[in-house]
Amino acid sequence: MPELPEVETVARGLRLPLEGQRLAEVEVRVPALRWPLPRGLARRLTGRQVLSVGRRAKYLLIALDRDEVLLAHLGMSGRILLVPAGEERAPEPHDHIVLRTEAGSEIRFNDARRFGMVDLVPQPALEEHRLLAGLGPEPLGNAFSGPMLAAALEGKATPIKAALLDQRVVAGLGNIYVSEALFEAGIAPRRLARSVQGERAERLARAIKSVLHRAIAAGGSSLRDYVQTSGELGYFQHQWAVYGKEGEPCPGCTCGKGVRRMVQSGRSTFYCAVRQR
DNA sequence: ACGAGAACCTGTTTGC
DNA sequence: TGCAAACAGGTTCTCG
């Protein structure tokens, strides 16, 4: 589920129910996700006030009073479910962490596969946190550009597909948006990263920004459903050009061959063999 | 040092 | 229909 646009959508959806609220009750129902949860997490969170909800790469950053930040990653299958104040809903399987605010709404972290991660970090140490320290630039940040991307790809002997999944190169892209961005930029997924320079890097940086912006806009339009019901993908899935479209005609392309699927380092890549070079 | 593949889990879809 | 295999939006670890 969660690449940058999905996490951004979740962060936006959590602002209203969480910001300014005190956590009246906290339940931690599993000992570990990907790693053991911080000791005494429920106790340490109870009574704390939420100052703000933000995002870095695919991480949710929930800033608390007393200078601590709740850091959360949704892994592959993680979702945030919101139960509005006044509604009762029995805990469902894999509802691992449940936060209840003073106002009565419930925020649940549900993650069937438990690839997600949660940590509680002192604010001053946030940037050096082992999960955040090595992250590359935010693709939607002002600093991110063709030349910056070109520099990050320089000398890399790996396919561009794999390089873009590397969070040290750019932070926040995942398997879906890499396929989409490469299609939009007209770059073949197998092309070596080091050969993406100059105008190609420029096109790719632009495509990345454009795809992410459009996905966030679509996620935003389905924001309530997204957070409240199941955490499923927002409406952007209806706008995918190639992802999951093997055999279908590629949009705006007259190649007649349709979208192809291949496997690169164990993961599906969708592309047009004619338009992407 | 770098890149490819395995490993971590469970749920759903696909194929025989 | 039933069952097994393949596959799923991520990251880290190991090995060559």
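In the text below, chain A, chain B and the rest are named by the order of the sequence lines, each starting its count at 1.
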task = Check whether any side-chain N or O of A/Ser268 sits under 4.0 Å from OP1 or OP2 of C/dC7, and answer yes or no.
result = no
remark   = Here the residues of residues 110-121 of chain A within 4.0 Å heavy-atom distance, strictly under, of DNA chain C are A/Arg113, A/Phe115, A/Met117
query = By ring pair (Phe, Tyr, Trp, His ring centres under 6.0 Å), which residues pair with A/Tyr59, not counting sequence neighbours?
reply = A/His73
inquiry  = Under 4.0 Å, counting only non-hydrogen atoms across every strand here, what does A/Gly174 touch: a base, just sugar-phosphate, or nothing?
reply    = sugar-phosphate
task = Pull out every residue in residues 53-60 of chain A that has a heavy atom closer than 4.0 Å to any atom of DNA chain B, ordered by number, or say none.
result = none
query = A/Leu41 and A/Leu99: same hydrophobic cluster, using ILVMFWY side-chain contacts below 4.5 Å?
reply = yes
query = What residues in residues 147-160 of chain A put a non-hydrogen atom under 4.0 Å from any atom of DNA chain C?
reply = none
ask   = Any ring-ring contact (aromatic ring centres under 6.0 Å, His included) pairs touching residues 8-56 of chain A, not counting sequence neighbours?
value = none
key: salt bridge (charged side-chain N to carboxylate O under 4.0 Å, His left out) contacts touching residues 28-45 of chain A (sequence neighbours left out)   = A/Glu27-A/Arg29, A/Arg44-A/Glu68
request  = Would you tell me if any nitrogen or oxygen in the side chain of A/His73 comes within less than 4.0 Å of OP1 or OP2 on C/dT11?
outcome  = yes
key: Runs of at least three Watson-Crick or G-U pairs with DNA chain C, cut-off 3.5 Å   = B:2-8 with C:10-16, B:10-16 with C:2-8
request  = Any side chain to side chain donor-acceptor pair (under 3.5 Å) involving residues 192-204 of chain A? Give me the pairs, sequence neighbours left out, ordered by first then second residue.
outcome  = A/Arg191-A/Ser195
query = Any ion pair linking A/Lys58 and A/Glu6 (charged N to carboxylate O, less than 4.0 Å)?
reply = no
ask   = Of all residues at least two apart in sequence or in a different chain, which pass the salt bridge (Lys or Arg N to Asp or Glu O under 4.0 Å) check with A/Arg261?
value = none
remark   = In short, ring-ring contact (aromatic ring centres under 6.0 Å, His included) pairs touching residues 13-34 of chain A with sequence neighbours left out are none
inquiry  = Between B/dC9 and C/dT14, how far apart are the two P atoms, rounded to whole Å?
reply    = 15 Å
inquiry  = So, OP1 or OP2 of C/dT11: does either fall under 4.0 Å of a side-chain N or O from A/Gln167?
reply    = yes
query = What is the 5' to 3' range of DNA chain B, first to last nucleotide, that sits under 4.0 Å from any heavy atom of chain A?
reply = B/dG3 to B/dG11
query = Taking the side chain of A/Trp35 as its heavy atoms from C-beta onward, which of C/dG10, C/dC7, C/dT12 lies nearest to it?
reply = C/dT12
remark   = ring pair (Phe, Tyr, Trp, His ring centres under 6.0 Å) filter on A/Phe270, not counting sequence neighbours, yields A/Tyr243
inquiry  = So, does A/Arg267 get its side chain near the phosphate of C/dA8, meaning an N or O under 4.0 Å from OP1 or OP2?
reply    = no
message = Under 4.0 Å, heavy atoms only, any strand: does A/Leu131 hit a base, just the sugar-phosphate, or nothing?
response = sugar-phosphate
key: Pairwise P distance for C/dT12 and B/dG11, with rounding to whole Å   = 24 Å
